[in-house]
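Report on the structure given below.
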Amino acid sequence: MNRKRSLTIKEKNKLLAAEGKRLRCFGMTFRILPTLEQIAQINQTLGCHRLIFNSYLASRIEAYQTNQTTLSVAAFKKDRLNALKDEKPYLKAVDKFSLETACEQVQAAYDRFFAKRGGFPKFKKKHSSKQTYTTKYTNGNIAVTPEAIKLPKLGLVALFPKKTNRKRLQSLLDGTLKIQAATITRTATGYTVSLSVQEVVAISQPVDLTADYRCVGIDLGLKTFAVVYDGKDFADYSHGAYIKQAEKKLAKLQQQLARCQKGSKNYDKQRTKVAKRHEHIANQRKDFHHKLSTTIANENQVVVVEDLNIRGMVKNHKLAKAISNAGWRQFITFLAYKLDWRGGRLVKVNRFFASSRLCSACGHQYVALTLDERHWACSHCGTVHDRDHNASVNIRNEGLRLLAV
Ligand SMILES: [Zn+2]
């Protein structure tokens with residue numbers, strides 16, 4: 001049977017553009033409270049998803065090593081997946097889409113690898129603290145009610161909408177948002193479901209660069225998370241003290257873990273504690289990034305940031321920990337899509353552009369600037385600069401210059 005291929009997002013957008021509309025795709029995460037029975041089913045599905053993922057990855061590596069051929073998803077499904085289902089009947093007891101998406105995830109990992117956006121695909125580990133599987137929407141198999149979410153093979157699972165998601169939950173109930181897929185995640189602190197949803201929105205008018213618009217330059221840093229310069233004033237934003245506190249606690253927990261005998265009961269208990277604390281800190285950071293990016297995207301049409309090649313920078317070990325911790329990349333991702341939704345623009349300036357060393361008053365370059373110099377005076381014009389403030393001015397100017405050409 002020739003099943004009709006569903007349209008890609010790009011193709012759908014092309015059709016919608018004629019009406020001045022487009023798709024907006026995003027995710028919504030809810031905490032869920034499965035029953036014991038549902039937990040057993042989730043765990044089984046996680047296991048099967050992992051098995052298929054690893055099995056396809058292993059077959060694909062083998063095919064390449066023996067014949068230098070690529071084992072496609074379709075070929076694996078046809079030749080191996082059905083055989084595996086016969087060998088291991090429990091694979092038939094779980095949601096079939098979770099097995100399909102496992103194959104697609106391997107493909108996606110290869111795609112990222114070939115595009116140099118990621119390392120070589122890794123096997124999924126049974127004992128990592130975060131386990132997920134993804135299932136797809138078809139014929140109403142995923143749906144929400146005000147109190148629960150219906151998921152394939154699980155039935156209704158109790159749902160706890162976060163305050164901020166209540167309005168969105170309403171749009172799911174009235175059908176404005178269309179569910180595409182659901183990812184079920186098990187972490188140290190419980191279970192969540194992330195829905196990928198689509199809605200049709202009017203194409204927002206892009207910012208008119210010939211008229212007045214608000215533009216800020218942002219210098220992302222280690223000491224201060226972000227210095228935002230709007231052409232007149234500076235605003236400094238830092239992670240709250242609560243994150244420092246939580247990190248201290250985490251360090252202590254990790255110390256205790258190091259003292260535990262590996263494989264013992266205490267070790268396992270301590271490991272769970274460490275994982276919970278990690279998750280907590282990641283959530284606090286995410287929350288901070290969301291709030292700040294929303295504020296900035298609401299108030300400005302153009303935002304200029306440095307194009308950070310984070311992978312390149314992490315090689316510098318001194319900075320590595322702090323940089324990956326700071327989560328600049330997450331923040332910029334949030335900022336990019338929020339601006340995009342509002343018709344705004346994110347301008348990235350070259351990372352080799354010497355934002356810290358350039359005197360923003362006269363353009364003189366202070367080549368010898370070191371990392372620990374927080375303030376410096378320009379030898380040419382005498383202006384005294386705060387390192388981060390000066391950088392944010394330069395970033396903003398460079399962005400405006402790029403927009404003008
Ligand atoms: Zn100067």
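All values below were derived from every heavy atom in this structure, side-chain atoms included, with hydrogens, water molecules and symmetry-related copies excluded. Counting convention: from 1, in listed order, for ligands and their atoms alike. Positions are given from 1 along the sequence.
With 3.5 Å as the limit, one finds a donor-acceptor pair spanning the side chains of Tyr56 and Arg60. Thr333 and Gln330 form no side-chain donor-acceptor contact under 3.5 Å, judged by distance and modelled atom types alone.
For the Zn ion (ligand 1), the neighbouring protein N/O/S atoms at less than 2.8 Å, given as residue and atom, are Cys359 SG, Cys362 SG, Cys378 SG, Cys381 SG.
Residues Cys25 and Gln198 approach most closely at SG-CG, 3.8 Å, considering heavy atoms.
Here Gln131 contributes atom CD and Tyr191 contributes atom OH; the two are 10.0 Å apart, rounded to the nearest 0.5 Å.
Residues forming a salt bridge (Lys or Arg N to Asp or Glu O under 4.0 Å) with Glu62 (at least two apart in sequence, or on another chain): none.
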**OP:** Could you walk me through whether Asp95 and Lys136 pass the salt bridge (Lys or Arg N to Asp or Glu O under 4.0 Å) test, one step at a time?
**Re:** CA-CA 10 Å; Asp95 170 39; Lys136 286 183 206 166; over 6 Å; no
